[in-house]
Amino acid sequence: MPQIPFGNDIKTLRFLNGEMTQGDLGEKVGVTRQTIAAIEQGKYSPSLEVAFRIAHVFGKPLEEIFRWQNDIP
């Protein structure tokens, strides 16, 4: 399965926010722990709504959480 063309800093942000678990973040944004794990690992591309919800939880704009990786076509 090809990797999605962007990276993210969700794992770091979870750690910096009281070592929030994947399950905790999933509950806050309305997805499963497995979905958060897949997003973090670059195996799943979140919907725009989920991406905005994640950004809202951390109080950051999207571009501080998700970044385009130019080396992936």
Side-chain angles (χ1 to χ4, degrees):
M1 172 153 89
Q3 190 160 348
I4 57 175
F6 57 88
N8 68 72
D9 292 322
I10 296 171
K11 186 173 184 175
T12 300
L13 290 166
R14 285 192 304 102
F15 180 79
L16 295 173
N17 281 270
E19 298 188 20
M20 179 187 299
T21 66
Q22 291 173 335
D24 292 338
L25 180 57
E27 284 183 27
K28 291 176 186 284
V29 301
V31 299
T32 65
R33 178 201 63 77
Q34 292 88 344
T35 299
I36 297 298
I39 293 169
E40 284 184 4
Q41 295 168 14
K43 295 180 179 178
Y44 178 74
S45 178
S47 69
L48 189 54
E49 179 181 354
V50 170
F52 272 108
R53 287 177 182 262
I54 291 170
H56 179 74
V57 166
F58 294 120
K60 303 219 176 259
L62 282 176
E63 59 272 9
E64 286 188 26
I65 297 173
F66 298 96
R67 66 193 170 286
W68 186 258
Q69 295 180 176
N70 292 330
D71 59 336
I72 298 176

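Counted within 6.0 Å of CZ on Phe58, heavy atoms from surrounding residues, nucleotides or ligands total more than 12; the atom is thus considered enclosed.
Residues Ala55 and Leu62 share a closest heavy-atom pair of CB-CD2, 4.0 Å. Here the closest non-hydrogen pair linking Ile39 and Ile54 is CD1-CD1, 4.4 Å. The two atoms that bring Phe6 and Trp68 nearest to each other are CB-CA, 4.0 Å, heavy atoms only.
With respect to Met20, the side chain to side chain contact (heavy atoms under 4.5 Å, CB included) criterion is satisfied by exactly one of Leu13, Val57, Ile10: Val57.
Counting only residues at least two apart or on different chains, the salt bridge (charged side-chain N to carboxylate O under 4.0 Å, His left out) pairs with a member in residues 25-40 are Arg14-Glu40. Sorted pairs that involve residues 54-63 and meet side-chain hydrogen bond (donor to acceptor under 3.5 Å, both in side chains), not counting sequence neighbours, are lacking altogether.
The distance from the OG atom of Ser45 to the CG atom of Asn8 is 10.5 Å, given to the nearest 0.5 Å.
With sequence neighbours excluded, no residue satisfies salt bridge (charged side-chain N to carboxylate O under 4.0 Å, His left out) with Asp24.
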